[in-house]
Amino acid sequence: MRHCLVTGANRGLGLEFTRQLLARGARVVATARHPGRAAALNALAGDYPGRLHVLPLDVAAARSRGELARELALVLDGQPLDLLLNNAGVLHGGERFGQVAEADLETSLRTNAIGPFLLVQALADLLADGGIVANLSSEIGSLALRREFRTPSYAVGKAAQNMGTVLLSRALQPRGIRVVALHPGWVRTDMGGERAPALPAEAAAALLAVLDRLGPDDSGLFLGPDGAVLPW
Ligand code: NDP
């Protein structure tokens, strides 16, 4: 994977994906909502001169997605994008039935589902034949696995994202682009919290290994950190 794009790369899993892709020798475009405040990401740029470009992206905002598409084309300068990691995501904690806020459902849908879907659409012409789109999903978005009322805004957003993943895999199949949903496990980040068993470095390494093992026809799948196929 020579040219990669990682969204939400200023902290958590996105920062770790960026670090590991750079260590593998890739050229990475990493996005942050506020690049000027992305200290860890900017420090990485110093470690890998010329191979890490940090660009602004609020995935929930149409104008920001459009600007990223234009900037990315300039950075790639005719080289195709081998990997698009739709990593940015949001979770509203503490929701209870009867008090779920419309604004939280809306923000989750925009950030977790609508933004990634439209970003893929906007960047489709830059993706390589044989390239991969990986959408960071969650078991919490699986209709088949849901047993309890928990984090509904996030669950609805990731379930909608999952449908987007399936539809995009069909749309991009003729171009040889594979689209998959990935569940990273429960990971110790701001979102996952301190009790999560997996470290970001472990989870990112496991998911990159899953992508390494994807076959040419492995598109439209929902995969866990061990590569097992999860039910939608
Ligand atoms: P974090 O909360 O640690 O980081 C989230 C990242 O997403 C931040 O970089 C944040 O940027 C960015 N982000 C949030 N909203 C937007 C937006 N509108 N536009 C652009 N970027 C945005 O989460 P994790 O690293 O834990 O999660 C990464 C992905 O993995 C997410 O999609 C999440 O749903 C998924 N996941 C995580 C699990 C876990 O246990 N941690 C489990 C299952 C799935 P900013 O700093 O500006 O807020």
Side-chain angles (χ1 to χ4, degrees), residues 1-9 12-30 48 51-52 76 79-89 112 116-117 119-120 123-124 126-145 158-159 161-189 191-192 196-232:
M1 297 178 207
R2 289 179 311 136
H3 294 93
C4 307
L5 175 71
V6 183
T7 68
L13 275 167
L15 180 62
E16 197 50 49
F17 279 127
T18 301
R19 189 176 280 135
Q20 294 190 21
L21 287 166
L22 286 166
R24 286 167 165 227
R27 239 184 111 190
V28 181
V29 177
Y48 295 95
R51 281 211 281 123
L52 174 59
L76 290 173
Q79 306 279 316
L81 186 66
D82 299 295
L83 174 65
L84 163 52
L85 262 177
N86 265 317
N87 167 80
N112 293 318
F117 182 93
L119 188 65
V120 175
L123 303 185
L126 299 176
L127 283 160
D129 186 347
I132 296 174
V133 175
N135 293 330
L136 264 288
S137 182
S138 169
E139 266 184 359
I140 291 174
S142 163
L143 272 69
L145 298 175
K158 290 295 188 184
Q161 185 207 78
N162 285 349
M163 176 56 90
T165 297
V166 172
L167 294 175
L168 289 167
S169 77
R170 308 291 184 258
L172 296 176
Q173 204 152 22
R175 304 190 194 190
I177 299 163
R178 293 158 291 170
V179 187
V180 293
L182 299 177
H183 168 62
W186 185 17
V187 189
R188 210 175 305 163
T189 61
M191 185 185 290
L199 295 174
E202 296 163 352
L207 290 182
L208 290 178
V210 169
L211 295 181
D212 287 340
R213 294 195 298 269
L214 275 190
D217 299 322
D218 288 343
S219 194
L221 297 174
F222 186 11
L223 301 166
D226 56 357
V229 175
L230 300 173
W232 295 110

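Values below: every heavy atom of this structure, side chains too, minus hydrogens, waters and symmetry copies.
- Shortest non-hydrogen contact noted between A203 and V187 is CB-CG2, 3.6 Å.
- The two residues G8 and N87 come nearest to each other via the heavy atoms O-ND2, 3.1 Å.
- Partners of R175 according to the side-chain hydrogen bond (donor to acceptor under 3.5 Å, both in side chains) rule, which considers only residues two or more places apart in sequence or in another chain, are D125.
- Counting heavy-atom neighbours within 6.0 Å of M163 CE, excluding the residue itself, gives a total of 12 or less.
- The side-chain heavy atoms of V120 and L172, taken from C-beta on, include a pair separated by under 4.5 Å.
- For the pair R188 (side chain) and A196 (backbone), a donor-acceptor distance under 3.5 Å is present.
- Checking side-chain atoms of W186 against main-chain N and O of G192 turns up a donor-acceptor pair under 3.5 Å.
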In residues 130-141, what donor-acceptor pairs under 3.5 Å come from side-chain atoms, sequence neighbours left out?
from: N135; atom 1: OD1; to: N86; atom 2: ND2; distance (Å): 2.9
from: N135; atom 1: ND2; to: T165; atom 2: OG1; distance (Å): 2.9
from: S137; atom 1: OG; to: N162; atom 2: OD1; distance (Å): 2.7
from: S138; atom 1: OG; to: I140; atom 2: N; distance (Å): 3.0

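- Side-chain contact between L85 and L21 is present, with heavy atoms from C-beta onward closer than 4.5 Å.
- The two residues D212 and R24 make their nearest non-hydrogen contact at OD2-NH2, 2.8 Å.
- Side-chain atoms of N112 do not come within 3.5 Å of backbone N or O of K158 as any donor-acceptor pair.
- Remark: A159 engages L143 in a side chain to side chain contact (heavy atoms under 4.5 Å, CB included) (not counting sequence neighbours).
- Looking at T7, its side chain does come within 3.5 Å of a backbone N or O of A88 through a donor-acceptor pair.
- Here the OG-CD1 distance, from S169 to I177, works out to 11.5 Å after rounding to the nearest 0.5 Å.
- Proximity of a side-chain donor or acceptor of R27 to a complementary backbone N or O of L76 within less than 3.5 Å is not detected.
- Here the closest non-hydrogen pair linking A204 and L13 is N-CD2, 4.0 Å.
- Checked by atom type and distance alone, the side chain of D82 pairs as donor or acceptor with a backbone atom of H3 at under 3.5 Å.
- At a threshold of 4.5 Å between non-hydrogen side-chain atoms, the residues F17 and L207 count as touching.
- The only option from D218, L182, L223 that meets the side-chain contact (heavy atoms from CB on, under 4.5 Å) definition with L211 turns out to be L182.
- Residue pairs satisfying the ring-ring contact (aromatic ring centres under 6.0 Å, His included) criterion with at least one member in residues 196-221, sequence neighbours excluded, are absent.
- Every side chain to side chain contact (heavy atoms under 4.5 Å, CB included) that Y48 has, sequence neighbours left out, goes to L22, A23, L44, R51.
- By the side-chain hydrogen bond (donor to acceptor under 3.5 Å, both in side chains) test, E16 is found to be paired with R19, Q20, residues two or more places apart in sequence or in another chain being considered.
- Here the CD atom belonging to Q173 is positioned 12.0 Å from the CG atom belonging to L168, to the nearest 0.5 angstrom.
- Taking all atoms of both residues into account, the shortest heavy-atom contact from V180 to S219 is CG1-CA, 4.5 Å.
- When the side chain to side chain contact (heavy atoms under 4.5 Å, CB included) test is applied to P231, the partners found at least two apart in sequence or on another chain are S142, A144, L145.
- Partners of F222 by ring-ring contact (aromatic ring centres under 6.0 Å, His included), not counting sequence neighbours, listed by chain and number: W232.
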